[in-house]
Amino acid sequence: MSPLIALAQGKTYFVSDEGNDSASGLSIKEAWRSVDKVNSVVFQPGDKVLFEGGKTFHGQIKLQGSGEDGRPCVISGYGDGRPVINFGKAEGAGILLENVSYWEVMGMEVVSYEPPLVGCGRQGIVVRISQPGVFDHFVIKDNYIHDVWGQLGGRGMYSGYNSSAILVHTHRMNYSPIASAAPVAPMVLNDILIQNNKIERVDKCGIVCRGGKNNVVVRGNWMDNLGGDGIFVNGPYRGLVEYNVIHRSCMRSGAPNIPGDENWWPHVAACWIQNTEETIMQFNEVYDTGRNLYNGDGFAYDFDFNCKRCVAQYNYSKNNYGLMLLMYNIYENVTRYNISENDHTHLIQMQGPRIGDRNLIYN
């Protein structure tokens with residue numbers, strides 16, 4: 001490849017509700033029209049796809065192609081207001097990035113508005129890795145995701161914890177739990193920033209990040225009226241969860257008489273980490289978390305299974321069902337300098353073996 005080609009600038013594509021899918025897309029006057037056209041393009045490093053602000057586009061965006069270090073691909077808006085992606089009754093994500101790297105999703109609005117339907121999981125913005133490899137650099141920033149009614153329970157591709165406003169995860173297709181099955185190659189996610197998003201009226205979860213390893217940051221997000229968990233981060237080394245505001249999470253999980261599988265997992269919390277090492281939760285605020293009949297949790301914060309040398313500090317909890325939950329097999333974690341105001345049931349709950357292995361709670 002010649003140096004001239006290697007340093008070529010990425011292209012900027014425009015999408016307008018008055019556009020034409022037969023046009024080049026390379027200017028506002030030559031804008032594309034549809035989500036289907038965007039889905040047909042394999043984007044290259046440095047490319048941008050910009051939707052017209054204040055307009056509504058129907059369908060599910062499924063982005064192809066990858067950026068590279070220093071030249072990410074970008075999906076965002078132009079003009080006044082946010083572009084709205086309305087995916088209606090469809091199952092799955094409003095915006096999907098699957099098995100790609102170096103993408104940034106900024107300034108978008110994602111909605112469904114359709115009422116919940118048993119068996120139909122819905123999601124907002126999703127990064128999904130379903131093949132082995134190392135996948136880097138995902139920025140999900142300054143988006144507004146609301147009225148996405150998915151599934152509170154189940155373990156399918158789009159249900160339960162996968163039914164989230166923002167989901168970044170590794171997902172093994174056709175996974176077999178048989179112990180004697182051949183080992184599978186690793187899937188690794190690095191460099192994840194989920195920042196300054198607004199989320200409201202969503203089932204089940206607000207933000208879920210599972211499988212991210214290095215440089216995972218969840219910061220400055222605001223959310224309200226969630227059926228289940230607010231923020232759930234699983235897996236990072238030295239991750240950071242900070243300056244998030246979670247209001248009215250856990251509002252529907254565990255409620256009696258919810259249509260669907262009676263074995264749906266009912267236990268949910270506002271902000272928690274699991275299988276993490278040296279990860280920090282700080283300067284977060286959690287208010288008015290729900291606790292329905294079959295939800296045994298409802299805590300503001302949680303060091304869950306297999307947390308090692310993590311810190312929860314300078315967090316605020318008000319009108320929740322406890323400040324801090326400590327779960328199984330956690331080591332050398334520190335809970336300090338937090339405020340609990342008018343929380344119910346317990347201030348601290350410790351559950352399971354190995355809770356006392358040099359875990360500290362003070363001030």
Side-chain angles (χ1 to χ4, degrees), residues 138 161 164 166-170 186 188-195 205-221 223 228-246 249-250 267-286 289 296-318 320-340 343 346-363:
F138 298 94
Y161 288 115
S164 301
I166 296 174
L167 172 64
V168 179
H169 71 142
T170 56
V188 180
L189 275 162
N190 295 316
D191 192 17
I192 299 163
L193 175 62
I194 304 173
Q195 180 170 299
C205 303
I207 296 171
V208 173
C209 181
R210 297 199 318 271
K213 184 60 178 176
N214 298 299
N215 195 23
V216 175
V217 177
V218 180
R219 174 190 292 134
N221 302 282
M223 58 196 73
D229 309 84
I231 296 173
F232 169 30
V233 175
N234 179 306
Y237 172 66
R238 293 188 174 178
L240 187 58
V241 180
E242 64 177 6
Y243 296 104
N244 301 285
V245 177
I246 305 171
S249 63
C250 313
H267 307 298
V268 289
C271 184
W272 57 292
I273 58 177
Q274 183 184 73
N275 297 316
T276 63
E277 185 174 357
E278 297 184 17
T279 290
I280 298 174
M281 293 188 291
Q282 63 181 5
F283 301 109
N284 301 288
E285 303 174 27
V286 176
T289 295
D297 198 330
F299 278 75
Y301 307 99
D302 175 8
F303 286 144
D304 211 84
F305 288 72
N306 308 314
C307 288
K308 300 178 182 179
R309 294 180 294 279
C310 297
V311 177
Q313 62 185 6
Y314 308 115
N315 299 291
Y316 183 56
S317 173
K318 182 177 181 180
N320 306 305
Y321 286 85
L323 170 70
M324 193 74 190
L325 174 63
L326 307 178
M327 291 291 284
Y328 297 68
N329 300 318
I330 61 174
Y331 305 87
E332 300 178 0
N333 302 284
V334 177
T335 301
R336 63 188 180 189
Y337 311 136
N338 301 287
I339 294 175
S340 170
D343 286 330
H346 307 78
L347 180 68
I348 305 290
Q349 177 173 319
M350 295 175 282
Q351 182 170 325
R354 298 186 182 276
I355 291 298
D357 285 358
R358 296 177 299 280
N359 295 293
L360 299 177
I361 302 169
Y362 61 90
N363 285 74

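Computed from a prediction, not measured in an experiment: that's the story for all the values here.
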Chemist: Mind checking what makes salt bridge (Lys or Arg N to Asp or Glu O under 4.0 Å) contact with R238, not counting sequence neighbours?
Modeler: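 In terms of salt bridge (Lys or Arg N to Asp or Glu O under 4.0 Å), with neighbours along the sequence ignored, R238 is linked to E278.
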Chemist: Just jot down the side-chain contact (heavy atoms from CB on, under 4.5 Å) partners of I348, sequence neighbours excluded, or say none.
Modeler: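 Residues passing side-chain contact (heavy atoms from CB on, under 4.5 Å) with I348: L323, M324, L326, M350, I361.
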Chemist: Taking all non-hydrogen atoms of both residues, which atom of F303 and which atom of T335 are closest, and how far apart?
Modeler: CE1-OG1, 3.4 Å
Chemist: Check for a donor-acceptor pair, side chain of N329 on one end and backbone N or O of F305 on the other, with a separation under 3.5 Å.
Modeler: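 No, because the side chain of N329 does not come within donor-acceptor range (under 3.5 Å) of the backbone of F305.
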Chemist: Drop me the distance from Y337's OH to N363's CG, to the nearest 0.5 angstrom.
Modeler: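 Y337 atom OH to N363 atom CG measures 5.0 Å (nearest 0.5 Å).
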Chemist: What is the minimum heavy-atom distance between K213 and V188, and which atoms define it?
Modeler: CB-CG1, 4.3 Å
Chemist: Grab the two heavy atoms, one from D302 and one from L325, that are nearest each other, plus how far apart they are.
Modeler: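 For D302 and L325, the tightest heavy-atom pair comes out as OD1-O, 2.9 Å.
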Chemist: Determine whether W272 and M281 satisfy the following criterion, side-chain contact (heavy atoms from CB on, under 4.5 Å), listing intermediate values before the conclusion.
Modeler: CA-CA 8 Å; W272 57 292; M281 293 188 291; 5.7 Å; no
Chemist: Considering residues at least two apart in sequence or located in another chain, which fulfil the side-chain contact (heavy atoms from CB on, under 4.5 Å) criterion with S249?
Modeler: L226, I246, A270, T289
Chemist: As an exercise, state the distance from CG of N234 to NE2 of H169, rounded to the nearest 0.5 Å.
Modeler: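 Result: 12.5 Å between the selected atoms.
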Chemist: Are E332 and K308 within salt-bridge range, i.e. N to O under 4.0 Å?
Modeler: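 Result for this pair is no, no salt bridge flagged.
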Chemist: Please determine whether side-chain contact (heavy atoms from CB on, under 4.5 Å) holds for the pair I192 and C209, giving the CA-CA distance in whole Å, both sets of side-chain angles, and the decisive distance to 0.1 Å.
Modeler: CA-CA 9 Å; I192 299 163; C209 181; 4.0 Å; yes
Chemist: Using only atom types and a distance under 3.5 Å, with no angle test, would you say the side chain of D304 pairs donor to acceptor with the backbone of I273?
Modeler: no
Chemist: Could you pull out all residues at least two apart from E285 that satisfy salt bridge (Lys or Arg N to Asp or Glu O under 4.0 Å)?
Modeler: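 None.
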Chemist: Under a 3.5 Å distance rule, please check whether D229 uses its side chain to pair with a backbone N or O of C205 as donor and acceptor.
Modeler: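 The answer is no, because no donor-acceptor pair under 3.5 Å joins these two groups.
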Chemist: Between M223 and G206, what is the shortest heavy-atom contact and its length?
Modeler: SD-CA, 4.3 Å
Chemist: Rounded to the nearest 0.5 Å, what separation is found between the CZ atom of R336 and the CG atom of N315?
Modeler: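 Output value for this atom pair is 11.5 Å.
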Chemist: Who passes side chain to side chain donor-acceptor pair (under 3.5 Å) against D191, sequence neighbours left out?
Modeler: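 Result, side chain to side chain donor-acceptor pair (under 3.5 Å) vs D191: H137, N215.
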Chemist: Which pair of non-hydrogen atoms, one from N284 and one from V241, has the smallest distance, and what is that distance?
Modeler: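 Heavy atoms only, the tightest pair is ND2-O, 3.0 Å.
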Chemist: Of all heavy-atom pairs between L240 and R219, which one has the smallest distance, and what is that distance?
Modeler: CD2-NH2, 3.7 Å
Chemist: Once side-chain contact (heavy atoms from CB on, under 4.5 Å) is applied, do any residues pair with Y321, and if so which ones, sequence neighbours excluded?
Modeler: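 For Y321 the side-chain contact (heavy atoms from CB on, under 4.5 Å) partners, ignoring immediate neighbours, are R291, H344, T345.
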Chemist: Tell me whether N359 contacts the main-chain N or O of I330 through its side chain, where contact means a donor paired with an acceptor under 3.5 Å.
Modeler: yes
Chemist: With a 3.5 Å distance limit and no angle check, can you tell me whether Y301 reaches the backbone of Y316 through a side-chain donor-acceptor pair?
Modeler: yes
Chemist: Does the H346 side chain pair with the main chain of G322, one donor and one acceptor, at a distance under 3.5 Å?
Modeler: no
